[in-house]
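Have a look at the structure below before the remarks.
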Amino acid sequence: MIVYNMKCGEGHAFEAWFASSAEYEEKAAEHALACPECGDTRVAKGLSAPRVNGSAKAPAPAIGPCGMACGSSGGMCGLDG
Ligand SMILES: [Zn+2]
């Protein structure tokens with residue numbers, strides 16, 4: 001699930017949940033999004049970054065004794081042989 005901070009043409013702020021950013025794009029294109037306060041369909045995505053469940057973690061590079069990232073066959077630091 002993904003939540004967006006939305007704002008309508010009248011200035012009402014509200015949150016809207018979607019299964020994915022693609023679902024948001026789809027509903028936005030069809031003007032199927034309406035403000036719960038006034039029903040205005042002229043809604044826009046707010047400035048806040050969306051909260052997404054789950055996060056990808058990039059693998060950390062191998063750090064040699066010198067503190068630099070070294071390859072397995074001869075590092076840049078020259079401390080490994
Ligand atoms: Zn509104």
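- Between Met1 and Ala19, the shortest heavy-atom contact is SD-CA, 4.0 Å.
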Return a table of donor-acceptor pairs under 3.5 angstrom between the side chains of residues 24-38 and protein atoms on other chains or two or more places apart.
{"unit_1": "Lys27", "atom_1": "NZ", "unit_2": "Glu23", "atom_2": "OE2", "d": "3.3"}

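- Closest heavy-atom contact between Cys8 and Phe14: N-CE2, 4.2 Å.
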Under the criterion side chain to side chain contact (heavy atoms under 4.5 Å, CB included), I'd like the reasoning laid out for His12 against Met6: C-alpha separation, chi angles, the key distance, then a yes or no.
CA-CA 8 Å; His12 303 130; Met6 309 292 295; over 6 Å; no
